[in-house]
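So that the names make sense, note that chain A is the first sequence line, chain B the second, and so on, each numbered from 1. Here the structure is a predicted model, which means the values were calculated and not measured.
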Amino acid sequence: MSIISVEHLRFRYNSVDVLRDISFDVSAGDFIGLVGPNGSGKTTAIKAILGLAKQTNGKICLFGAPVQQFTEWHRIGYLPQKLVHFNPHFPATVREVVSSGLFSTKKFPRRIRSEDRALVDEAMRVTDVTDLEHELIGQLSGGQQQRVLLARSIVNRPELLILDEPTTALDPEARENFFALMVELNRTRNVTIILVTHDIAGIGKYASKLLYLDKEVVFYGSFEDFCLSEKMTKYFGKFTQHLICHRHGDS
Amino acid sequence: MEILSFFQYGFMWRALIAGSFTALICAVLGVLLVLRRLSLIGDGLAHVTFGGVAIGLFLKQHPVYVAIPIVMASSLGILRLVEKARLYGDAAIGIVSSIGIALGVLIASVAGGFNIDIFSFLFGSILSISEAEVLTSILLSIVVLVIVVVFYYENFATAFDEEFAKVSGIDTERINALLVLLTAVTVVLTMKIVGILLTSSLLVLPPVTALQVARSFRSTMATSAICGIASVVAGIFVSFLMNLPTGATIVILNFLLFLAAFTYKSLTRGSTK
């Protein structure tokens, strides 16, 4: 069964096409690297899938339900792009922020109960932020904040995890650890992952499929097929394609 | 001796009770407003109330009853401008408040003036509170606090990261609407009781003081409430002893609390470096 189904998605903003006739499916257990140049519509596609941006045309289904009618948000974990969506001076501790990832599992009136503590502890342990639990989020470094927000996105044990450029604030070692964690979630817990990044070579090593967007779907398939694709050779030029795939081979 | 004589006056007790409850709700709502960058909404809605009161007097209806729905609609208008027209909160508040005051002036002019001093509805005095107004402030406080407690996590999530809150299934537009509607009702009802100067300052100063020293969201709420209530109680005592205007004394004490918290934060941050 498709976890995500996108059919003929079109998105226009100020009379400009941001996305044109996008169609693709994501199956359970997929690890998708969503890649493309700046302004290619990656974040818009993610926001449309999550119902945060209203598509101009097309149909999007999450777990078989049209996104407009989707209510099972506890099945999804989301890590937004960069750290632009929250006030860095917000007086919240790391534990409070991570706990907020559980709100999607609660019905009105939402309450965090003592039995939820173990889930929060586990998410903080996995993302290595346990020592920071009483610190204010605004007092952490960019990399630490990113790990806290990742903990928030996995605390509800989602079936689908959507991450928008999650590694931008991470150093190379932290980035490798991050990807290793994604692979573990994907393989041991069968979490379906969509990870937006510019680093094609970096994600190629881990993702089961690459979805290359440039306002439309340019390529959708495995990294190996990406490297052999004549369409991508024409798109990038032989030299750039070789650099991407050669770097991947080296690593 | 002077302190003891304080307790002989019923108006002082009424000021203490109504002032403390007003401070409590303003401090709690204020934290949520300041974190959403809507701190000046109290001032803005006060200007709209001026228009609402003028319409009420013009229509020969009770001005407060006419002002409440107008101010509630205006608070939603501010929210709409922020969400749909993508304006910053301060710009949206500026637009709505200037329209409100312009409307009040126009209506007052067309009516050729009113028999009642329109400003008496905007600049109530904390020392001239009636028993009914004390009851109003207590009931309003209970309603506001119950709603804030019931929607505590929704408010936290929406104020911290609205996009993530939406993906958590929270109807953030309703939560935002609830917050500004509660603020609108609070502003209109408490303004008549304690005056616009005090209401709008209690919405801003205790929260920003709490933000200097608080260690979590929950403690920010608690610290803000303590600062608000402490400043009102101390302000009433000090103004009584020194024969000063009560509202203004409370505002200055609030500012001194902010300065103390800011200095403490600067010193402790310096010592940890």
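Smallest separation of non-hydrogen atoms from A/Trp73 and B/Val167: CB-O, 3.2 Å.
Heavy-atom distances place both the backbone and the side chain of B/Val149 under 4.5 Å from chain A. In this structure, the portion of A/Gln139 lying under 4.5 Å from any heavy atom of chain B is its side chain and not its backbone. Contacts of A/Ser100 with chain B are made by both backbone and side-chain atoms, with heavy-atom separations under 4.5 Å. Neither the backbone nor the side chain of A/Arg95 comes within contact range of chain B; no heavy atom of the residue lies under 4.5 Å from a heavy atom of that chain. Residue A/His134 touches chain B through its backbone alone, counting heavy-atom pairs closer than 4.5 Å. Interface residue A/Ile112: backbone and side-chain heavy atoms are both found under 4.5 Å from chain B. Of the atoms belonging to A/Phe70, not a single heavy atom falls under 4.5 Å from chain B.
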Side chain to side chain contact (heavy atoms under 4.5 Å, CB included) assessment of B/Phe164 paired with A/Leu149: CA-CA 10 Å; B/Phe164 185 84; A/Leu149 297 186; over 6 Å; no
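At most 12 non-hydrogen atoms from other residues, nucleotides or ligands lie less than 6.0 angstrom from CZ of B/Arg80.
Here the OG atom belonging to B/Ser168 is positioned 12.5 Å from the NZ atom belonging to A/Lys106, to the nearest 0.5 angstrom. Distance check, rounded to the nearest 0.5 Å: CG of B/Asp161 to CZ of A/Phe90 gives 10.0 Å. For the atom pair OG1 of B/Thr220 and CG of A/Leu136, the computed distance is 7.5 Å after rounding to the nearest 0.5 Å. Distance check: B/Glu154 CD to A/Phe103 CZ gives 7.5 Å after rounding to the nearest 0.5 Å.
At a threshold of 4.5 Å between non-hydrogen side-chain atoms, the residues A/Arg110 and B/Phe156 do not count as touching. Side-chain contact between A/Pro91 and B/Leu35 is present, with heavy atoms from C-beta onward closer than 4.5 Å.
When B/Arg215, B/Arg36, B/Arg37 are compared by the number of non-hydrogen pairs under 4.5 Å with chain A, B/Arg215 comes out ahead. Between chain B and the options A/Thr71, A/Val97, A/Ile76, heavy-atom pairs under 4.5 Å are most frequent for A/Val97. Between chain A and the options B/Ser219, B/Ser216, B/Ala165, B/Gly169, the largest number of non-hydrogen pairs under 4.5 Å is found for B/Ser216. With respect to chain B, the highest number of heavy-atom pairs below 4.5 Å among A/Glu72, A/Arg152, A/Arg111 belongs to A/Arg152.
With hydrogens and angles disregarded, a donor-acceptor distance shorter than 3.5 Å links the side chain of A/Glu96 to the backbone of B/Phe217.
The existence of a salt bridge linking A/Lys47 and B/Glu163 is confirmed by a sub-4.0 Å separation between a basic side-chain nitrogen and an acidic carboxylate oxygen.
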